[in-house]
2 protein chains.
Amino acid sequence: MCKESVMSELTKTVGVIGLGLIGGSMAIDLKRRGYAQTVLGVEQDSVAAEAARTIGLVDETVSYEDCIRRADIVVVAVPVSSAVNLLPDILDRFTDGQIVIDVCSTKGRICHATQYHPRRGQYVSTHPMAGTEYSGPWAAQPGLFDGRACIFADSEKSSPRALKAVEELYDVLHMRPIYMNADQHDVHTAYVSHISHITSFALALTVLDKEKDEKHIFDLASGGFSSTVRLAKSSADMWVPILSQNHDNVLRVMDTYIGKMQAFRDAVAGYDEEKIRELIREANKIKKILR
Amino acid sequence: MCKESVMSELTKTVGVIGLGLIGGSMAIDLKRRGYAQTVLGVEQDSVAAEAARTIGLVDETVSYEDCIRRADIVVVAVPVSSAVNLLPDILDRFTDGQIVIDVCSTKGRICHATQYHPRRGQYVSTHPMAGTEYSGPWAAQPGLFDGRACIFADSEKSSPRALKAVEELYDVLHMRPIYMNADQHDVHTAYVSHISHITSFALALTVLDKEKDEKHIFDLASGGFSSTVRLAKSSADMWVPILSQNHDNVLRVMDTYIGKMQAFRDAVAGYDEEKIRELIREANKIKKILR
């Protein structure tokens, strides 16, 4: 079988806007694995831009305008509140054949903001489900995406050619594609991703509030606590817009969560060991899904 | 300098009661690293006992009575609700020179239950802060304790000789000793360990409740979600007694936690981005303590 490649003849230059954890990590692997001949980087923050150059994340850091002019594929890897404004502007500036993707963690508003754009077909909306709790070009690493899932949102609105090129891009990053519409995406990620960040933030706030003696936290933190609180290190610049844009879904899942905590609390308060056991056994069922 | 060893002339035989994750892992390293000449195991559950023999966790599985009769040091590694009853009985059966330690995650009630026992000096109350979310002899592994902290509770109530022998035991396991009284221990572990298990249980309950389609959980679970929900796999047999015995502290920390979640929820509900940012930035301070 001959797997015809769209990008092999197309992709010479990839432009990455936002050289943080996600943008930087994509830059590394797209270059190393031969998808991109040249990687251009756009980074507003001068310290981060200097770091990206020092680390060698990209071949060249350029202006936003230059990037849009020269890139065959533009990757928008900035907080979703900025991306939602950037995308229509990028499409406005595009000539035929150029492709833009975003990698934001909420998809509803960004897809709605672009849906009637005359160049909508040149945009592919994706969410590579990978990351760490660290941010900035310093956090970028090779192999970050390997084996993870990448969601394609509203992919039927992209042109077949653009979609194929971006599927190839994520194939090079070793990601499994999953297709769903933007609104479904936002419901599911609220339950599986966004809430776990909020529970970590609340856990950190609780411990910091109560354990005035930091040495105790350090000494007593077992592997379990560290892994549960890990996401509380995540950046406000990224998470404020996510929680804001996915407002309704996030609120609904928080209410469910608070209800579960309250049920647990009532069982403990009432010395109801049978009920506690039942809740833990029910929670244990997550084992069947996540090994 | 000549570091005089109590155990080198003393410890020939270590008896481990309860061949689960903790007991089994101790058995492995105490034998491999030469602290114990012989390791005896006591395991009520016949399937677990057979597994422990098959895996070769101990030299011999014996009856409880046999173990107490033959062991120089007895390690009690059963849920704290059983341990609290076992300890006085073990001390009753002891002859001079034998030593018993427990490895339970709550220390208040177990220390109180033994405080006036005539052989209290032969008991050393410890909490090795290590583990995984898995349980049973199958979960035992070498090196589990390396580099972690081990709390010695009410150590002034142990005889200097017993304390020294047990300090040597944990030194062989490469653990850092920390000393505090039993009640302090229970306050700190409620904040740093117990609450993180409860938040994981509640997270699992929330996701299982809302995501009826298990495939979505599996597909969308990023590393972040997996690490946050990991502790929800923990066993009810271990955790019901912990939450029950540490009732007051656990309840207090749960109330603080629910308050933090509620504050977060209200900020999201009110579209108060400044407040959300403030809460996340405050939570981020955990970075300074846990790298």
Side-chain angles (χ1 to χ4, degrees), chain A residues 129 149 178 188 191-193 196 198-211 214 216-222 224-233 236 239-240 243-244 250-251 254 256-258 260-261 264-265 268-269 273 276-277 280-287 289-290, chain B residues 129 149 178 188 191-193 196 198-211 214 216-222 224-233 236 239-240 243-244 250-251 254 256-258 260-261 264-265 268-269 273 276-277 280-287 289-290:
Chain A
M129 305 270 303
I178 297 176
H188 292 307
Y191 283 106
V192 181
S193 161
S196 55
I198 299 173
T199 64
S200 273
F201 290 135
L203 180 61
L205 289 169
T206 302
V207 173
L208 290 166
D209 194 37
K210 289 294 171 171
E211 283 284 358
E214 298 187 354
H216 275 132
I217 303 180
F218 177 78
D219 278 344
L220 304 185
S222 58
F225 176 71
S226 303
S227 80
T228 314
V229 87
R230 178 168 79 77
L231 299 180
K233 302 173 185 173
W239 280 93
V240 171
L243 301 181
S244 185
V250 165
L251 210 55
M254 287 182 84
T256 304
Y257 182 84
I258 290 172
K260 299 291 180 192
M261 273 306 277
F264 221 111
R265 187 224 173 262
V268 171
E273 295 202 356
I276 302 175
R277 181 174 301 276
I280 293 181
R281 290 231 168 113
E282 183 63 30
N284 283 168
K285 291 185 182 161
I286 200 76
K287 270 197 258 196
I289 305 172
L290 299 178
Chain B
M129 305 270 302
I178 297 175
H188 292 307
Y191 282 105
V192 181
S193 162
S196 55
I198 299 173
T199 63
S200 273
F201 291 135
L203 181 60
L205 289 169
T206 302
V207 174
L208 291 166
D209 194 35
K210 288 293 170 171
E211 283 283 358
E214 297 187 354
H216 275 132
I217 304 179
F218 176 77
D219 278 343
L220 304 185
S222 60
F225 175 72
S226 304
S227 80
T228 314
V229 85
R230 179 169 79 77
L231 299 180
K233 302 173 186 173
W239 281 93
V240 171
L243 301 181
S244 184
V250 165
L251 210 56
M254 287 181 86
T256 304
Y257 182 84
I258 291 172
K260 300 291 180 191
M261 273 306 276
F264 222 111
R265 187 224 174 263
V268 172
E273 295 202 357
I276 301 175
R277 182 175 302 276
I280 293 180
R281 290 232 168 112
E282 183 64 31
N284 284 168
K285 291 184 182 161
I286 200 77
K287 271 197 258 197
I289 306 171
L290 299 177

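Values below: all heavy atoms of this structure, side chains included; hydrogens, waters and symmetry mates excluded. Every chain is numbered from 1 and lettered A, B, ... according to where its sequence line falls, protein lines coming before strand lines.
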Pairs of heavy atoms under 4.5 Å with chain A: top-ranked of M129(B), M261(B), E273(B): M261(B)
Minimum heavy-atom distance between V268(A) and M254(B), given as atom pair plus value: CG2-SD, 4.2 Å
Side chain, backbone, both or neither of L205(A) within contact of chain B (heavy atoms, under 4.5 Å): both
4.5 Å side-chain heavy-atom contact, T199(A) and Y257(B): yes
Nearest non-hydrogen partners of A204(B) and A283(A), listed with the distance: CB-O, 3.7 Å
Atom of Y191(B), atom of F225(A) and distance for their closest heavy-atom approach: O-CE1, 4.5 Å
Minimum heavy-atom distance between K233(B) and K287(A), given as atom pair plus value: CG-CG, 3.5 Å
Residue part contacting chain A, namely of L203(B), when any heavy atom lies under 4.5 Å: both
Most chain B-contacting option - heavy-atom pairs closer than 4.5 Å, from I258(A), L243(A), I276(A): I258(A)
Contacting moiety of I198(B), where chain A heavy atoms sit under 4.5 Å: both
Point-to-point distance, once rounded to the nearest 0.5 Å, from OG of S226(A) to CD1 of I286(B): 8.5 Å
Under 4.5 Å from a heavy atom of chain B, the part of V192(A) involved: both
Heavy-atom closest pair, residues T228(A) and S200(B): CG2-OG, 4.0 Å
Engaged part of V250(B) at the chain A interface, taking heavy atoms whose separation is under 4.5 Å: side chain
Which of A269(B), S227(B), S244(B) touches chain A most, by non-hydrogen pairs under 4.5 Å: S227(B)
Non-hydrogen atoms of K285(A) and L208(B) that approach each other most closely: CB-CD1, 4.0 Å
Toward chain A, the part of N284(B) with a non-hydrogen atom under 4.5 Å: both
Residue R230(A) versus chain B: region with a heavy atom under 4.5 Å: side chain
